[in-house]
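Quick note: numbers below take in every heavy atom, side chains included, and nothing from hydrogens, waters or symmetry partners.
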Amino acid sequence: MKNNLKGIAFLLFAALSMGLSIWGPEALARYKDQGILGEAHIEIVEEAGQGYRYQMNANEKLYILSCCLNSQTMPESDQNALTHAGSEGVSYQELEGSYAFIVNRRGPSGKEITDEQIYETCNEGLRTLKELGILPEEIKEVGAARYDAALYSAIDILEPGNNVAVWKVSLSNSQQNADKENRLIDAYIDADDGKLYAFYVRTPLLWEDIDPDQIVERWRTYMGLGSPEPYDSDNPLLETTPYFKKYVFAGMGDGKTVVTVGFYEGINELFLKIAQ
């Protein structure tokens with residue numbers, strides 16, 4: 001009798017298991033659908049076409065920007081531009097190579113400094129550099145009446161995720177005989193945090209008044225960069241002015257970024273620029 005009961009129980013269990021394996025998944029799916037169908041559900045996704053921007057550190061961003069600036073005809077101050085034949089009317093067109101510095105025609109993505117914010121952001125940066133002793137107090141503030149601003153994307157073409165959004169603020173060329181004394185001429189500004197990567201300014205200082213080692217040390221701390229390495233060349237022909245000093249910062253992989261602090265005599269223009 002016990003054996004018969006065990007056999008019947010086994011058959012019932014087997015039949016129940018077979019039934020669950022056949023109809024169970026379908027019933028479970030219908031149950032889940034009841035909790036979804038007929039209701040609105042919201043899912044937050046990245047905006048289509050916005051792309052992904054890898055969060056690089058300060059040294060890597062500086063390196064990408066320097067490579068991209070080297071890949072195109074780099075805009076320069078009036079004095080420096082005079083040393084290059086055919087430099088008038090330079091355009092910011094992408095040149096062939098692995099890096100591109102191109103106008104961002106779509107504008108800020110929503111996470112970046114906007115057209116309305118850029119001049120005040122630039123002024124905040126200038127005030128910070130004055131407080132750090134990098135720029136003299138005489139440097140005047142910028143504004144839309146005298147300056148032009150354009151948003152650029154510095155992109156590693158082979159690794160597009162490695163890109164930096166940069167505002168370029170320049171004293172407008174549309175005004176004839178514009179007063180350039182104690183004014184910012186050009187600046188490259190990070191579109192995320194507003195820090196100044198590079199600048200050209202007219203200053204009351206002379207080269208003898210300028211300590212490039214101090215400027216670079218304070219600027220690299222402000223930027224969040226590591227300490228520079230010694231630059232191993234004393235070639236005076238590296239620049240169009242005899243007044244300069246160069247520094248080497250780690251970049252990406254084996255890449256390096258050269259930072260130059262220099263001075264154009266006569267027009268009293270102090271500059272800090274970056275190169276690969």
Exercise. Is it true that Tyr247 and Tyr231 have ring centroids separated by less than 6.0 Å?
Worked result: no
Exercise. Ion pair present between Lys61 and Asp190, side-chain N to carboxylate O less than 4.0 angstrom?
Worked result: yes
For this session: Could you tell me which non-hydrogen atom of Gly224 sits nearest to which non-hydrogen atom of Ala58, and how far apart they are?
Result: O-CB, 3.6 Å
For this session: State, to 0.1 Å, how close Phe244 and Asn235 come at their nearest heavy-atom pair, and which atoms those are.
Result: CZ-O, 3.7 Å
For this session: Please check if the side chain of Asp209 supplies one atom and the backbone of Leu205 the other of a donor-acceptor pair under 3.5 Å.
Result: no
Exercise. According to a 4.5 Å side-chain heavy-atom criterion applied to Ile, Leu, Val, Met, Phe, Trp and Tyr, with indirect links allowed, do Leu206 and Ile215 form part of one hydrophobic cluster?
Worked result: no
For this session: Could you walk me through whether Ile210 and Tyr243 pass side chain to side chain contact (heavy atoms under 4.5 Å, CB included), step by step?
Result: CA-CA 10 Å; Ile210 296 169; Tyr243 307 113; over 6 Å; no
Problem set entry | Inter-residue atom distance Ile134.CD1 - Leu129.CG, 0.5 Å rounding | 5.0 Å
Problem set entry | Heavy-atom donor-acceptor pair, Ser71 side chain to Tyr99 backbone, under 3.5 Å | yes
For this session: Rounded to the nearest 0.5 Å, what's the gap from CZ on Phe263 to OG1 on Thr241? Could you check?
Result: 8.0 Å
Exercise. Is any side-chain heavy atom of Leu270 less than 4.5 Å from a side-chain heavy atom of Tyr264?
Worked result: no
For this session: To the nearest 0.5 Å, tell me how far Ile118 CD1 sits from Ile113 CD1.
Result: 5.0 Å
For this session: Identify the heavy atoms of Ser153 and Asn104 that sit nearest to each other, and give their distance.
Result: OG-ND2, 3.4 Å
Problem set entry | Gap separating the CD1 atom of Ile267 from the OG1 atom of Thr203, nearest 0.5 angstrom | 11.5 Å
For this session: May I ask you to decide whether Asp179 forms a salt bridge with Lys140, counting only side-chain N to carboxylate O separations under 4.0 Å?
Result: yes
Exercise. Should Asp186 and Lys168 be marked as a salt bridge (Lys or Arg N to Asp or Glu O under 4.0 Å) after you check the CA-CA gap, both sets of side-chain angles, and the distance that decides it?
Worked result: CA-CA 7 Å; Asp186 286 317; Lys168 181 175 183 288; 3.2 Å; yes
Problem set entry | Side-chain heavy-atom pair Glu112, Asp192 within 4.5 angstrom cut-off | yes
Exercise. Between atom CD1 of Ile64 and atom CG of Asn59, what is the distance when rounded to the nearest 0.5 Å?
Worked result: 12.0 Å
For this session: Identify the two heavy atoms, one from Pro160 and one from Ile155, that lie closest to each other, and give their separation to 0.1 Å.
Result: CA-CG2, 4.1 Å
Problem set entry | Heavy-atom side-chain contact between Trp207 and Glu265 under 4.5 Å | no
Exercise. Are any of the side-chain nitrogens in Lys245 or Glu239 under 4.0 Å away from the carboxylate oxygens of its partner?
Worked result: no
Exercise. Got a salt bridge between Arg202 and Glu181, using NZ or NE/NH1/NH2 to carboxylate O under 4.0 Å?
Worked result: no
Exercise. Does Tyr197 reach the side chain of Ile189, with side-chain heavy atoms less than 4.5 Å apart?
Worked result: no
Seminar exercise, completed: Closest non-hydrogen contact found for Pro136 with Pro204 is CG-CD, 4.2 Å
Exercise. Between Met56 and Val164, does a side chain to side chain contact (heavy atoms under 4.5 Å, CB included) hold up when you go through it step by step?
Worked result: CA-CA 9 Å; Met56 298 177 288; Val164 185; 3.6 Å; yes
Exercise. What about Phe271 and Tyr200, are their ring centers closer than 6.0 Å?
Worked result: yes
Exercise. Any donor and acceptor pair, going by atom type alone, linking the side chain of Trp219 with main-chain N or O of Leu196 inside 3.5 Å?
Worked result: yes
Exercise. Can you check whether Glu269 reaches Val201 side chain to side chain, under 4.5 Å on heavy atoms?
Worked result: no
Exercise. Are any non-hydrogen side-chain atoms of Leu69 and Ile274 less than 4.5 angstrom apart?
Worked result: yes
For this session: State, yes or no, whether a side-chain contact exists between Phe249 and Pro228 at a heavy-atom distance under 4.5 Å.
Result: yes
Problem set entry | Heavy-atom donor-acceptor pair, Arg218 side chain to Leu132 backbone, under 3.5 Å | yes
Exercise. Does the side chain to side chain contact (heavy atoms under 4.5 Å, CB included) test come out yes or no for Trp167 and Thr121, once each step is laid out?
Worked result: CA-CA 10 Å; Trp167 280 99; Thr121 299; over 6 Å; no
Problem set entry | Salt bridge present between Glu137 and Arg127 (N-O < 4.0 angstrom) | no
Problem set entry | Heavy-atom side-chain proximity of Leu184 to Glu141 below 4.5 angstrom | no
For this session: Hey, can you tell me if Phe101 and Tyr152 have their rings parallel, tilted or perpendicular (30° and 60° cut-offs)?
Result: parallel
Exercise. Are Thr128 and Lys130 linked by a side-chain donor-acceptor pair shorter than 3.5 Å?
Worked result: no
For this session: Of all the heavy-atom pairs spanning Glu60 and Gly251, show the shortest one and how long it is.
Result: CG-O, 4.1 Å
For this session: Ignoring hydrogens and angles, tell me if any N or O in the side chain of Gln117 forms a donor-acceptor pair with the backbone of Thr114 under 3.5 Å.
Result: yes
Exercise. Atom SG of Cys68 and atom CD1 of Ile157: how far apart are they, to the nearest 0.5 Å?
Worked result: 8.0 Å
Exercise. Is it the case that Thr260 and Lys273 place a side-chain donor and acceptor less than 3.5 Å from each other?
Worked result: no
For this session: Could you walk me through whether Arg183 and Leu171 pass the side chain to side chain contact (heavy atoms under 4.5 Å, CB included) test, one step at a time?
Result: CA-CA 8 Å; Arg183 289 198 178 277; Leu171 185 64; 4.3 Å; yes
Exercise. If you draw the axis of the six-membered ring of Tyr222, does the NZ or CZ of Lys195 fall within 45° of it and under 6.0 Å from the ring centre?
Worked result: yes
